[in-house]
Protein chains: 2
Amino acid sequence: MNIGLLLYIPYRDLENRIMAAVTAAGFDMTIAQARLLQRINPGGSRLTELAEAAQVTKQTAGFLVDQLEKAGFVQRVPDPTDGRARLVQVTDKAREAVPVADAEMARIEAEWERHIGKRRMAQLRDALEKLGEITDPYR
Amino acid sequence: MNIGLLLYIPYRDLENRIMAAVTAAGFDMTIAQARLLQRINPGGSRLTELAEAAQVTKQTAGFLVDQLEKAGFVQRVPDPTDGRARLVQVTDKAREAVPVADAEMARIEAEWERHIGKRRMAQLRDALEKLGEITDPYR
DNA sequence: TACTTTAATCAGTGTCTCTGACTAAAAACA
DNA sequence: TGTTTTTAGTCAGAGACACTGATTAAAGTA
């Protein structure tokens, strides 16, 4: 079986389940919004940075940040070091969603480990981390 | 690092590269179309089957099949065993794209194996196949 | 100062995906 | 057999997401 599909199937399952958990907890956001949100640095990120990290255009990133801002998950503040730029910062409201996502993630990882075994899980992680070195365009 | 992102990064890289190779060879199709095309059985598939396999609604599958049909990559023929249904079949034109995709896939797999080693590659495949047992909704 | 680059936005468009409502054929059943 | 329910697929409408191209304002550079 095609290695691409093999990678995609568990990925999609994981993403769907985490999004379901997050929205069930009352955090109303979409997958694209969540993907972007994840990439924001602790001190805030510029839109251009964010676009690059998430592998979308600045326009798309701006569109998503608009929605996240409207929903109260991020705020834009002026960048003190550059008058053209603004920093996108995660709000407390969005930070409250993190433990929900983390808990679901832990649940899924435990399930996976139970099914494929501790050894295989460690090997999977190891192989993927090494693979990231040549496939992550942001690295 | 988050196992979801770890899975997603090489997947996206692979998909992008294969699509680039396929479109560069003159086969003008989108990712969504290609995903659906992959799922069509040798003897043809019903729309409902296809939708289930690709995890989209019947409407979405129909929309994509319309486009694939317009581009000449599939044809719809009546299902002899069911007057309501039609079989979506892959055309020769689409079949010509397969070796292009396969060649790119082989190239990528070779690169990956060169970077992470034969042993890790085998472990990755093994772990993912086992994981598919619990994460593939179509299985 | 004049020119170039960079950060972000505005305008417009195409693709993908969904929900809901519908038609027609097949299957189930009374 | 005739009626009801299920199944296969389509039509209509809407929203989300992604793109290209053009523009504005600030910063950096010659």
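The structure displayed is predicted, hence computed values, not measured ones. Letters A, B, ... are given to chains in the order of the sequence lines, protein chains preceding strands, and every chain is numbered from 1. Side chains included, hydrogens not; waters and symmetry mates left out as well; all remaining heavy atoms used.
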Just how far, in rounded Å, is [atom2] of [N] from [atom1] of [X]?
| X | N | atom1 | atom2 | value |
| --- | --- | --- | --- | --- |
| B:I31 | C:dG14 | CD1 | C1' | 14 Å |
| B:F63 | D:dG9 | CZ | P | 18 Å |
| B:L36 | C:dC16 | CG | C1' | 12 Å |
| A:L64 | D:dA16 | CG | P | 11 Å |
| A:L68 | D:dA16 | CG | P | 12 Å |
| B:K58 | C:dC18 | NZ | P | 13 Å |
| B:D79 | C:dA24 | CG | C1' | 15 Å |
| B:M29 | C:dT15 | CE | C1' | 16 Å |

* To do: Could you tell me whether A:G62 contacts a base, only the sugar-phosphate backbone, or nothing, with contacts defined as non-hydrogen atoms closer than 4.0 Å?
  => nothing
Which nucleotide wins on minimum distance to the side chain of [X], given the candidates [options]?
| X | options | value |
| --- | --- | --- |
| B:R76 | D:dT10, C:dC18, D:dC19 | D:dT10 |
| B:T30 | C:dT15, C:dC18, D:dC17 | C:dT15 |
| B:T60 | C:dC18, C:dA7, D:dT10 | C:dC18 |
| A:D82 | C:dA7, D:dA18, C:dC18 | C:dA7 |
| A:Q59 | D:dT10, D:dA8, C:dC10 | C:dC10 |
| A:A32 | D:dA8, D:dC17, C:dA7 | D:dC17 |
| B:Q67 | C:dT19, C:dC16, D:dA16 | C:dC16 |
| B:R84 | D:dA16, D:dT7, C:dA8 | D:dT7 |
| A:A85 | D:dT7, C:dA8, D:dC17 | C:dA8 |
| B:V56 | D:dA22, D:dA8, C:dC18 | C:dC18 |

Looking at [X], does any N or O in its side chain come under 4.0 Å of the phosphate oxygens OP1/OP2 on [N]?
| X | N | answer |
| --- | --- | --- |
| A:R46 | C:dT6 | no |
| A:T48 | C:dA8 | yes |
| A:T57 | D:dA18 | no |

Salt bridge check: are [X] and [Y] linked by an N-O gap of less than 4.0 Å?
| X | Y | answer |
| --- | --- | --- |
| A:E49 | A:R39 | no |
| A:E104 | A:R107 | yes |
| B:D79 | B:R84 | no |

* Asked: A:Y11 vs B:Y8 aromatic rings, parallel, tilted or perpendicular, using cut-offs 30° and 60°?
  -> parallel
* To do: Could you check if a side-chain atom of A:I108 sits within less than 4.5 angstrom of a side-chain atom of A:E111, using non-hydrogen atoms only?
  => no
* Asked: When you check the side-chain N and O atoms of A:Q75 and A:E69, is any donor under 3.5 Å from an acceptor?
  -> no
